[in-house]
Amino acid sequence: MEENLVIVESPAKAKTIERFLGKEFLVKSSYGHIRDLAKKNLGIDIDNGYRPHYIVSPDKKKVVSELKKLAGSAKTVWLASDEDREGEAIAWHLAEVLALDPEKTRRIVFHEITKEAIQEAIKKPRGINRDLVNAQQARRILDRLVGFELSPILWKKIQPSLSAGRVQSVAVRLLVEREREIMQFRPTSSFRVTAQFTFTDSKAKEHVLNAECPTRFSTLEEAGNFLESCRKARFTVTDVSSKPAKKSPAPPFTTSTLQQEAGRKLGFSVSQTMSVAQRLYEAGKITYMRTDSVSLSQMALGVARKTITGEFGEKYIKTRQYKTRSKGAQEAHEAIRPTYLDQKTIQGTQTEKKLYELIWKRTIASQMSDAELEKTTVQIGISGSSEKFTATGEILKFDGFLKVYRESSEEEEEARHLLPPVNKGQVLDPRQIVATEKFTQHPPRYTEASLVKKLEELGIGRPSTYAPTISTIQQRGYVVKEDRPGTSREYRVLTLKEQQVQSETRTEMTGSEKSKLFPADIGMLVTDFLVEHFADILNYNFTATVEEQFDEIARGKLDWQQMIDRFYDHFHRKVTETLEQSEKKTGERFLGHDPVSGEPVTVKIGPYGPMAQMGESGGENKPRFASMMKNQRIETITLEEALRLFKLPREVGKYEGKEVTAGIGRYGPYLKYDGKFYSLNRKTDDPLSVNIERAIEVIREKTEKDKKKVITEFEEDPNLKILNGRWGPYIKYGKDNFRIPRDRVPEELTFQDCKEIIRKGKSTGKKKS
DNA sequence: CAGTGAGCGAGCTTCCGCTTGACTT
């Protein structure tokens, strides 16, 4: 029996700490929260002071019973969960569920995982901070109330299975509003003039100097006039000035900045970054990856100094301690850094290595000297004109941290080079002067990582929820992540060369997008609905406002039930009102009349997604319906595009004497042949124009695949089959599926074998909550 | 992997934040 049981949140942390504490200490993990509100009937007794009804989460039953046993036999139980609101609540739930005797229970916290810090913590135990626990309960209850009262309104008024919440609904709103800005955006153009000059120095060496006119000309005519005025002009250097500049490194990684940089530099998605980081953490290579803190431990700072001295020398060192500036940060952990900073690389997969090296570089760079630059500006006068040209250059005097790490924004900057040695008074020869038409850009669409950044700035969501939030809004269909091709656009160019001005038109690609988040129709509809009825919750400051109140609760200045009551009173009234009064929302938009029948054509969200309708329900003729295509949007589809949809399903041709038709169904575009359905490729096949050759190809491919799908069929019972599925072979019996034991060969199973497996094994399907 | 249509039925869906494996129809 162990004298002492220490409980932390993460098993990897438990392993490390156990090494520091010695034999009398057994360190175990709770795997995060062990209890949560019951899912049935809200899990909150509203009439009894919002009393929460907690139950042990099904997947935590095992952990809890093990901890209970160990706690019973230990002399002292040390609750060492994180020092933030959630951590305090975990400690409290543990004390409750394990029925810990207060006499033998101690609450401790440490900020670094080092032997000293932990031993220090053991010397200074305290009790559980009930105010902090209450702040967490208020947070939890508020989120449950909002989520479980808003979502059912959406099921009734818009579509089943939709969801709304304090965090996700605001995330979608950000995307919807940005998309609307982009839709309304009209680019304007102006002309940018650049010049290439040459001159020879005293040693008769020729140099090239690139310069730009700071004035933008709004029309082709103005740009032309300017070039005309340059035709016979003299160009003289009127001023050369230099000034020093500095660049400082970025702070070490937090969850959010790691996600951003891994996205930009390595092309990782937010969830990919987190799972690679998790593996690095579990292998002991990096510190905890869900953190909002930018601070480094004293120990880490020391090792950083040593490593930098060894790698680059003394003058590259500048020890810095960063302070977090993001709202609502709780800083229970360190920044994300390598556990051993003297390890520049590690063993592992390619992705693990890449992410580790990124973290190493960022951490080391944060402790290095500023880069020193010299910025030079050259002014060039034009005779007979008040306009001028300027040339700028940058020289790196001392690289400092840039030796190891550049933020992506710095990388993207044009590589500025050294200017040629010009002096004031130097006369320049114009080789060519070019006026190019440039268009203004619409505001950028969000990527996964830039959305996380925005949420963090607004104080919405936590490091542990950024990745899940991003996937939830995609799963609900509110948002899609995709690439979109650009369109070509013409732009005009004027070139002055050898005293001649020439005009031409060129084309460029514009507006192409890669891995961007686009709101779908349902996301726009739900957002509009929520903003209309629950403006306060959809407000970007809602979280910040309630966070202030949670903080007051944590400081013992506000009663949590009072706070919730004040919120719920107003909120619930709005809920009832909306359920009673608001109409079902379909986002219907009228497009025009069908030129053939004269029937009205509308688009809206139907029970199976966005659809077009011709004719009115309840009118003389039954209305016709057609699903919209994946790339069409209710807000932007035209009458012509909608009319084309009604041409489906259409006959494609004949194959072996039987008719092949094409249409769009619930699961995308399809072919129908001989009573069976064949999916078309969403991206490359268009059911409106697909030809019979392609159709036959699709049908043949599918037939081939289906042949391989069935491994065995039984005469004894046609309901029983051995099939090849997504996760390998399995047994299908009626509606239920069964796994095949690992030691059996699927091809050799007999009817009796299968019956046996079915009898023994319970279905792998449907899980109970 | 399967399923391809426009409201009968019965009952379910849903939130945010902590944390990892188990194992998907």
Side-chain angles (χ1 to χ4, degrees), chain A residues 8-14 29-37 39 42-44 57 59-60 62-63 81-82 84-90 93 136 139-156 159-169 275 278-279 281-282 288 290 330 332 460-466 468-469 472 476 537 543 584 606-609 611 613 617 622-627 649 661 663-672 676-679 705-706 709 723-728 730-732 735-739 763-767 769:
Chain A
V8 295
E9 290 175 42
S10 139
K13 199 168 169 181
S29 150
S30 75
Y31 294 83
H33 275 295
I34 52 161
R35 280 205 302 192
D36 192 16
L37 294 174
K39 280 201 164 190
L42 273 186
I44 301 164
S57 320
D59 55 330
K60 296 294 165 56
K62 242 179 91 183
V63 189
S81 45
D82 296 343
D84 56 11
R85 198 163 69 201
E86 298 296 329
E88 201 68 19
I90 287 173
H93 280 299
Q136 192 274 347
R139 198 278 306 154
R140 180 67 192 94
I141 287 165
L142 179 113
D143 281 337
R144 170 57 67 85
L145 290 171
V146 169
F148 276 37
E149 295 214 0
L150 283 188
S151 300
I153 303 180
L154 300 180
W155 306 343
K156 273 213 170 126
Q159 214 175 70
S161 302
L162 295 174
S163 64
R166 173 175 61 82
V167 173
Q168 59 169 286
S169 296
S275 77
Q278 175 88 30
R279 289 206 300 276
Y281 168 67
E282 282 169 17
Y288 198 57
R290 290 186 275 262
Q330 309 207 355
I460 298 172
R462 305 277 316 130
S464 65
T465 59
Y466 294 141
T469 301
T472 300
R476 299 271 175 275
I537 288 170
T543 292
K584 263 198 99 160
Y608 302 97
M611 66 184 222
Q613 179 174 347
S617 38
K622 252 183 112 179
R624 293 178 60 203
F625 302 101
S627 276
T661 54
I664 299 177
R666 176 168 180 194
Y667 308 101
Y670 68 91
L671 295 170
K672 195 170 174 189
K676 281 193 213 134
F677 291 88
Y678 301 85
S679 286
K705 233 171 108 189
D706 281 353
K709 207 186 84 189
L723 302 175
N724 231 331
R726 217 187 339 174
W727 294 284
Y730 67 101
I731 296 170
K732 189 175 184 66
K735 274 185 161 179
D736 294 325
N737 301 315
F738 300 86
R739 239 179 312 146
S763 167
T764 54
K766 54 189 83 143
K767 42 178 189 247
S769 59

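The chains referred to below are lettered A, B, ... by the order of the sequence lines, with proteins before strands, and numbering in each begins at 1. Just the heavy atoms: all of them, side chains too, but no hydrogens, waters or symmetry mates, feed the values below.
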> Starting at CH2 of A/Trp155 and ending at C1' of B/dG11, how long is that distance when rounded to a whole Å?
Replying inline: 11 Å

> Using atom P of each nucleotide, how far apart are B/dT14 and B/dT25 to the nearest Å?
Replying inline: 15 Å

> What's the shortest heavy-atom distance between A/Ile34 and A/Lys60, and which atoms?
Replying inline: O-CB, 3.9 Å

Would you tabulate the nitrogen or oxygen pairs shorter than 3.5 Å linking the protein to nucleotides 8-10 of chain B?
none

>> Without decimals, in angstroms, what is the distance between A/Ile44 CD1 and B/dT14 P?
In response: 17 Å

>> Can you build the contact string for nucleotides 15-21 of chain B? Use B for base contact, S for sugar-phosphate-only contact, and - for no protein heavy atom under 4.0 Å.
In response: BBBBBS-

>> So that I can tick it off, tell me whether A/Arg462 and A/Glu86 are bridged by a salt bridge, with the cut-off set at under 4.0 angstrom between side-chain N and carboxylate O.
In response: no

> Does A/Arg35 reach the main-chain N or O of A/Ser57 with its side chain, forming a donor-acceptor pair under 3.5 Å?
Replying inline: no

> CZ of A/Arg144 to CZ of A/Arg139: how many Å apart, nearest 0.5 Å?
Replying inline: 10.5 Å

> Of the non-hydrogen atoms in A/Ile153 and A/Glu149, which two are nearest, and what is the gap between them?
Replying inline: CG1-O, 3.3 Å

> CD1/A/Ile537 to OG/A/Ser169 distance, rounded to the nearest 0.5 angstrom?
Replying inline: 9.0 Å

>> Under a 3.5 Å distance rule, please check whether A/Ser151 uses its side chain to pair with a backbone N or O of A/Ser163 as donor and acceptor.
In response: no

>> When the C1' atoms of B/dT4 and B/dT24 are compared, how many Å lie between them, rounded to an integer?
In response: 24 Å

>> I'd like to know if A/Lys13 and A/Asp82 make a salt bridge, using a cut-off of under 4.0 Å between side-chain N and carboxylate O.
In response: yes

>> I'd like to know if the side chain of A/Thr465 reaches the main chain of A/Gly461, judged simply by a donor and an acceptor atom lying under 3.5 Å from each other, with no hydrogens or angles considered.
In response: no

> Pairs counted as Watson-Crick or G-U wobble with both distances under 3.5 Å: what dot-bracket string results for DNA chain B, using | for bases tied to another strand?
Replying inline: .........................

> When the aromatic ring centroids of A/Tyr281 and A/Tyr288 are compared, is their separation below 6.0 Å?
Replying inline: yes

